[in-house]
Amino acid sequence: MQPILQIQGVSKRYEAHQALNQVSFEVPKGSIFGLLGPNGAGKTSLIRIITQITGPDEGRVFFEGQPLQPHHVKEIGYLPEERGLYKKMKVGEQLVYLARLRGLSKAEAVQKIKAWAQRLDLTTWLTKNVEDLSKGMQQKVQFIASVLHEPKLLILDEPFSGFDPVNANLIKDEILQLRDQGCTIIFSTHRMESVEQLCDEIVLINQSQIVLSGIVREVRARFRTQTYLVEGRGKLLITSPDFKVLQQTQQGNKFTAQVQLENNTGPNDLLRYLIERVEVHLLQETVPSIHDIFVQTVQQTSRQ
Amino acid sequence: MDKIWLVFQREYLVRVRKKSFIVMTILGPLLMALVMIVPVGLMMMSDDTKTIQVLDESGLFADKFVSNEDFRYVPVPGPVEAAKTNYLASEDAGLLYIPQLDIDKPRGIQLFSQKSASMTVISALEKQVKQELEAIKFAKSGIDQKVLDQIKTSVDINTVNLSTEGEKSSNVGITSLAGFMGAFLIYLFIFIYGAQIMRGVIEEKTSRILEVMVSSVKPFQLMAGKIMGIAAVGLTQFLLWIVLTSAVYAGVSSAFKLDRFSEAKIGQTVQTMQTEKDAAQAQEIHEALSAVQNLNLPLLVGGFLFYFLGGYLLYGALFGAVGAAVDSETDSQQFMMPITIPLILSFIVAQTIIMKDPNGPVAFWMSMIPLTSPVVMMLRLPFGVPGWELALSMVLLMAGFVGTIWVAARIYRVGILMYGKKITYRELSKWMFYKG
């Protein structure tokens, strides 16, 4: 299937600062795509190029196989990290205004706003001024504004920052539902828990370059360190040179340990070794979390 | 284009629906009318008749003090001490004491009053005494009062504009006033509505709506829509003021029967006047009114609209750029200065040099430079400006606002997405050469 977005060799400079350097990747249709990176890595610069707020110095961007054009604004929804609303405007009018700027007719806009307001419990607030709304409500309004025109591609920059857990869950469910309806979502964040829960694929940008990319499961697999978590009864004492104990705790007759395999041994070798000595309750591979991978990769690439 | 229209609509409607807009629209003409009416009213209010007691020991002024609208004179008996005591018991405005006088050196005339006497009272009394003494002196020297009255001459120069289209009586006072009003309105509107553009941009920046906006509209469209929307607000207010003011004028003119002074009826009106003084005043009002009618109103209104819009667009773009470059209104001062200086300068110079010499070199150059031409040309317009000068000035103004809008749009485009950074002039100049 044709990817919804292709980024090819995109570079962007601001005076002395290189914001993006030869960045290339593809976003498959219907996925939730994580755009990760520490602050100042170039995520927002890249997003501003995709949303056509700025243009790249070099490289090209394709939307559904076509070079990015002004009319693609209608197909893209954007919830920026720095987001707000006109304070002195009525919620409903404001949503109509923003929707019409994205190419919706007034009637369409009104109809869709009603549906969304009902879904997110905002109906009674549509005639109120934005400044009368709580922060959580305003965030709901901002979210609605970014999805009203039913974009094929939705870009969310730190969507959960400032949300309370209840609203964060609500929005998370909406995001998943949008994905199920065929919308592609680019999800930019530096909060890794949500990445693991939501994303199908990621790219990790550090210092204006892509340092890591792929399907979340595969990326984690790539970072396997042949480390296993073992738990059981007895006194664990490993003397074999094939197994290296990284960490071990003993509580009375119970033990927990992290064991790394060496010399091309497999988990079965470890299990055989253990069964002869202790009672094994658990043997599980420890796969690094995206958070660990993020920290490790960023530190490595920053050092270079 | 339809996006500019959407932005335009929002900017316009949000402002026009504000309470402050409605209040100002109604209050504006009333305030202006008040500014004109209050001083007149106050003068009229203090116009009640004052009673002055007169103690004349010289005997020169017997029956000479004739009561009129302003003063009622009451002769009182002496001696002066008794008169003072009586006066204190009364509520009269003053006690005029005239001792025995040497006609050549009249000294010792005193006005006793319970409150400090006003300048008008003193000068009126001085004039009265002086006239009487002069009359006595004339009589002594054998000069007849009637001869004297004949010698007194009043001169009033009427100015007439001569052109190939014929003569037109002009009135320098009215002409200057018309130009000044136009210039002042342009000056005022640029300031009020230019500042509104700046505030609007800063508000969008601080409320963090801009990034959402520029992902759907080009920054230039946003700026253009905003500037035009606010211009429309200004014009709406201006039109409403004209309508309201005309209504007020109609009211005033029927209340004061200004109709009497029109071309058709002036002769008749002058004849009905009782005194020569009133007739002269009527003639003066007629001349002022006809000078207003003789102004080239289509040219003035057309010129006003052009220079208002041109000046507003030029300054509006600059104000918008300042708004984009700063984070809050308090930071805007350093960038406001260079923008406001030409505007203030043109207005100050307008009142002095240009009013005195509306066709001099200062006036000429200032009406060519786009930053000053809206105010200065408006001032010159009623005095008659050669066609080529007007055309050149208009072309330069158009070129000027296209230029400033280009510069402003570039600053705007970069500035609106910069948060929390203090901007210097050097950075501003770099922004102009950033690529898309």
Side-chain angles (χ1 to χ4, degrees), chain A residues 12-16 44-45 47-58 70-90 93-106 109 129-131 138 141-143 145-146 148-149 151 155 157 162, chain B residues 1-21 199-222 225-226 229 327 410 412-421 426-427 429-436:
Chain A
K12 180 83 183 171
R13 277 192 81 80
Y14 293 108
E15 286 182 66
T44 303
S45 297
I47 290 174
R48 283 180 182 170
I49 288 170
I50 300 171
T51 52
Q52 302 182 65
I53 292 172
T54 53
D57 295 344
E58 263 176 61
H71 68 81
H72 285 131
V73 168
K74 285 180 203 160
E75 316 288 352
I76 300 176
Y78 178 35
L79 183 67
E81 186 179 4
E82 294 281 3
R83 49 185 177 245
L85 295 163
Y86 288 107
K87 292 203 172 57
K88 305 264 179 209
M89 242 177 137
K90 297 223 162 54
E93 282 176 7
Q94 177 138 207
L95 285 171
V96 171
Y97 176 56
L98 293 172
R100 289 183 75 190
L101 285 177
R102 289 277 184 184
L104 249 59
S105 76
K106 198 171 178 180
N129 265 348
V130 171
E131 53 188 354
Q138 290 191 22
V141 175
Q142 287 155 0
F143 181 77
S146 65
L148 261 183
H149 56 295
I155 302 171
D157 197 351
Chain B
M1 200 55 211
D2 48 344
K3 284 186 181 172
I4 295 183
W5 173 237
L6 278 171
V7 177
F8 173 91
Q9 279 180 312
R10 190 200 89 87
E11 299 290 338
Y12 181 78
L13 289 176
V14 161
R15 285 184 173 75
V16 169
R17 275 187 291 186
K18 266 193 197 161
K19 280 194 197 85
S20 58
F21 176 84
R199 225 170 287 137
V201 177
I202 292 176
E203 191 201 320
E204 282 176 339
K205 257 187 106 166
T206 49
S207 70
R208 299 288 192 261
I209 181 88
L210 268 172
E211 193 155 350
V212 178
M213 293 298 297
V214 290
S215 67
S216 354
V217 292
K218 293 253 158 280
F220 180 78
Q221 295 173 321
L222 189 58
K226 182 181 279 295
D327 264 343
R410 308 207 125 223
Y412 187 84
R413 191 193 58 187
V414 182
I416 48 177
L417 295 174
M418 294 257 177
Y419 297 118
K421 210 172 151 194
R426 239 188 86 207
E427 265 168 291
S429 60
K430 277 186 195 153
W431 289 1
M432 282 175 217
F433 305 105
Y434 275 4
K435 274 188 281 175

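All of these numbers come straight from a predicted model, not from anything done at the bench. Below, chains carry the letters A, B, ... as their sequence lines are ordered, and counting in each starts from 1. All heavy atoms count here, side chains included; hydrogens, waters and symmetry mates do not.
With a threshold of 4.5 angstrom between heavy atoms, B:Val217 approaches chain A through side-chain atoms but not through N, CA, C or O. Contact annotation for A:Glu81: neither backbone nor side-chain heavy atoms come within less than 4.5 Å of a heavy atom of chain B. There is no contact between A:Gln138 and chain B, counting heavy-atom distances below 4.5 Å. Heavy-atom distances place the side chain of B:Lys218, and not its backbone, under 4.5 Å from chain A.
The shortest side-chain heavy-atom distance between A:Tyr97 and B:Gln9 does not fall under the 4.5 Å cut-off.
With values rounded to the nearest 0.5 angstrom, A:Lys87 atom NZ is found 11.5 Å from B:Glu204 atom CD. To the nearest 0.5 Å, the span separating CZ on B:Arg10 from CD on A:Gln94 amounts to 7.5 Å. Taking CZ of A:Arg83 as the start and CZ of B:Arg208 as the end, the distance is 12.0 Å to the nearest 0.5 Å.
Heavy-atom neighbours of B:Phe21 CZ from other residues, nucleotides or ligands within 6.0 Å: above the threshold of 12.
For the pair B:Lys3 and A:Leu101, the tightest heavy-atom approach, listed with the atom from each and the gap, is CE-O, 3.1 Å.
The choice from A:Met89, A:Lys74, A:Gln52 that makes the most heavy-atom pairs within less than 4.5 Å of chain B is A:Met89. Top candidate by heavy-atom pairs under 4.5 Å with chain B, chosen from A:Arg13, A:Arg100, A:Lys88, is A:Arg100.
Considering A:Leu85, A:Thr51, A:Leu98, A:Leu79 as possible partners of B:Val212, the one that fulfils the side chain to side chain contact (heavy atoms under 4.5 Å, CB included) test is A:Leu98.
Ion pairing between a basic and an acidic side chain is recognised when a charged N comes within 4.0 Å of a carboxylate O; A:Glu82 and B:Lys205 show no such pairing.
Between A:Tyr86 and B:Glu203, the side chains place no donor N or O within less than 3.5 Å of an acceptor N or O (distance only, hydrogens not considered). The closest side-chain donor-acceptor pair between B:Ser215 and A:Arg102 falls under 3.5 angstrom.
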